[in-house]
Amino acid sequence: MPVHANIEALNWETQFFGINSAIARFSDDAGILTESGLAKWSRVQAKIPAHRVDLLDALQQLGFQLVEGEVDFCLPVKACVDPGAEVAQESDIPHLRELAAQVFAQSRFRAPWYAEDASGRFYAQWIENAVRGTFDNQCLVFRDQKQAIRAFVSLRQLSESDARIGLLAGRGAGKALMEAAQRWAHQRGLTTLRVATQMGNTAALKRYIQSGAVPESTAYWLYR
């Protein structure tokens, strides 16, 4: 089966990871992917709907390998009692970077595809950007009795109706984090909250479903 896709350079990732990176954008109007066309890139990513096993097989014939599965959820925004979250400050960035690097050490940016520390560095930068309002709009945190951060969630408004949870972490704080995210979206007059997680992250899957989220789509990430 021929695979029709355009190859789009991922300039930020190329600079951040030091790997010449691109992503395949699938379209019936695009040219056919060939091994020679892919060879100029050190890493080519592809995200496909999980039900497209024909595309999965065809990409594997081109040298792509399955990296992970992803589930995308959506849930209606509702009013929530303030669970006590605070807006993260720039002074929180060093601690948040450390926490994010630990929690997200085994993402799709893990070894052997990337350096051993790449995943941690990527998510440390993500949460710093969220505090500064770059990419994600804001980071909310929960603190313990000593004022140390024990949980955090980053959020981004996508449109006049939708928002997306970026990063969410904090053992035992899942319910409070989801309530904080819902309240953040509700205060902005939004109606839908979206969040994605790895298929293998059963704790996150359970938390989102318990919060009222419904799986909207499933996908596979592949790399060559």
Side-chain angles (χ1 to χ4, degrees), residues 1-74 100-101 104-127 129-130 134-136 154 156 158-159 162-167 192 194-202 204-205 208 213-224:
M1 167 187 162
V3 178
H4 292 264
N6 295 311
I7 303 299
E8 177 184 315
L10 294 173
N11 296 323
W12 188 90
E13 290 188 18
T14 295
Q15 182 177 9
F16 187 83
F17 294 117
I19 297 174
N20 189 24
S21 302
I23 188 167
R25 303 293 190 189
F26 301 98
S27 170
D28 292 339
D29 299 330
I32 296 175
L33 282 188
T34 63
E35 291 197 21
S36 59
L38 292 163
K40 63 176 288 189
W41 304 98
S42 302
R43 178 79 63 250
V44 180
Q45 305 175 13
K47 184 181 181 181
I48 64 171
H51 70 273
R52 287 294 306 275
V53 292
D54 58 332
L55 190 52
L56 174 63
D57 292 341
L59 287 170
Q60 288 177 324
Q61 291 295 316
L62 287 168
F64 283 83
Q65 296 181 42
L66 181 63
V67 177
E68 71 176 30
E70 181 179 286
V71 183
D72 209 347
F73 289 89
C74 68
F104 300 106
Q106 291 299 315
S107 75
R108 65 183 180 88
F109 298 111
R110 67 185 183 278
W113 303 102
Y114 295 87
E116 291 288 344
D117 67 340
S119 183
R121 288 194 302 111
F122 178 84
Y123 288 99
Q125 188 62 54
W126 184 332
I127 202 63
N129 290 350
T134 305
F135 188 61
D136 284 349
S154 69
R156 173 166 48 110
L158 303 174
S159 67
D162 291 17
R164 177 171 287 279
I165 293 172
L167 303 182
T192 303
R194 301 183 180 278
V195 62
T197 191
Q198 296 165 312
M199 286 183 182
N201 190 343
T202 54
L205 295 172
Y208 298 148
V214 176
E216 189 171 57
S217 64
T218 55
Y220 292 130
W221 281 98
L222 297 97
Y223 290 165
R224 183 188 192 276

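In this text the structure is predicted, and so the values were computed from the model without any measurement. This chain uses plain numbering: 1 for the first residue, then up along the sequence.
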Visitor: Would you sort out whether E13 and R43 count as a side-chain contact (heavy atoms from CB on, under 4.5 Å), showing the intermediate values?
Guide: CA-CA 10 Å; E13 290 188 18; R43 178 79 63 250; over 6 Å; no
Visitor: Does atom CZ (F104) have a neighbourhood of more than 12 heavy atoms from anything else shown, all under 6.0 Å?
Guide: yes
Visitor: Judged by atom type as modelled, is there a donor-acceptor pair below 3.5 Å linking the side chain of S154 to the main-chain atoms of A130?
Guide: no
Visitor: Just by distance, do the side chain of H4 and the backbone of D29 share a donor-acceptor pair under 3.5 Å?
Guide: no
Visitor: Could you tell me whether the side chain of T14 and the main chain of W12 form a donor-acceptor pair under 3.5 Å?
Guide: no
Visitor: Taking all non-hydrogen atoms of both residues into account, name the closest pair between A22 and I7 and its distance.
Guide: CB-CG2, 3.5 Å
Visitor: At what distance, to the nearest 0.5 angstrom, does OG of S107 lie from CG of L167?
Guide: 10.0 Å
Visitor: Which value, rounded to the nearest 0.5 Å, describes the distance between I19 atom CD1 and S42 atom OG?
Guide: 7.0 Å
Visitor: Hey, are Q45 and R108 close enough side-chain-wise for a donor-acceptor pair under 3.5 Å?
Guide: yes
Visitor: May I have the step-by-step check of side-chain contact (heavy atoms from CB on, under 4.5 Å) for W221 and I48, ending in yes or no?
Guide: CA-CA 7 Å; W221 281 98; I48 64 171; over 6 Å; no
Visitor: Can you give me every donor-acceptor pair (side chain of residues 54-66, partner residue at least two apart or in another chain, under 3.5 Å) with its distance?
Guide:
residue	atom	partner	partner atom	Å
D54	OD1	R52	NE	2.9
D54	OD2	R52	NH2	3.2

Visitor: At what distance, to the nearest 0.5 angstrom, does CZ of F17 lie from CG of L10?
Guide: 10.0 Å
Visitor: Whether the side chain of R121 engages the backbone of A118 through a donor-acceptor N/O pair (distance < 3.5 Å, no angle test) should be reported.
Guide: no
Visitor: I want to know whether F109 and W113 have ring centres closer than 6.0 Å.
Guide: no
Visitor: Go through the steps for V71 and L205 under the test side-chain contact (heavy atoms from CB on, under 4.5 Å), then give the verdict.
Guide: CA-CA 8 Å; V71 183; L205 295 172; 4.1 Å; yes
Visitor: When you look at V67 and L222, which way does the side-chain contact (heavy atoms from CB on, under 4.5 Å) test go after all the steps?
Guide: CA-CA 5 Å; V67 177; L222 297 97; 5.5 Å; no
Visitor: Which heavy atom of A24 sits nearest a heavy atom of A46, and at what distance?
Guide: CB-CB, 4.4 Å
Visitor: Could you grab the distance from atom CD of E68 to atom CD of Q198, nearest 0.5 Å is fine?
Guide: 4.0 Å
Visitor: May I ask you to check whether Q125 and N129 show a side-chain donor-acceptor distance below 3.5 Å?
Guide: yes
Visitor: Do NZ/NE/NH1/NH2 and the carboxylate oxygens of D117 and R110 come within less than 4.0 Å?
Guide: no
Visitor: Can you tell me how the ring of Y123 sits relative to the ring of W126, calling it parallel under 30°, perpendicular over 60° and tilted otherwise?
Guide: parallel
Visitor: Salt bridge check: are R194 and E216 linked by an N-O gap of less than 4.0 Å?
Guide: yes
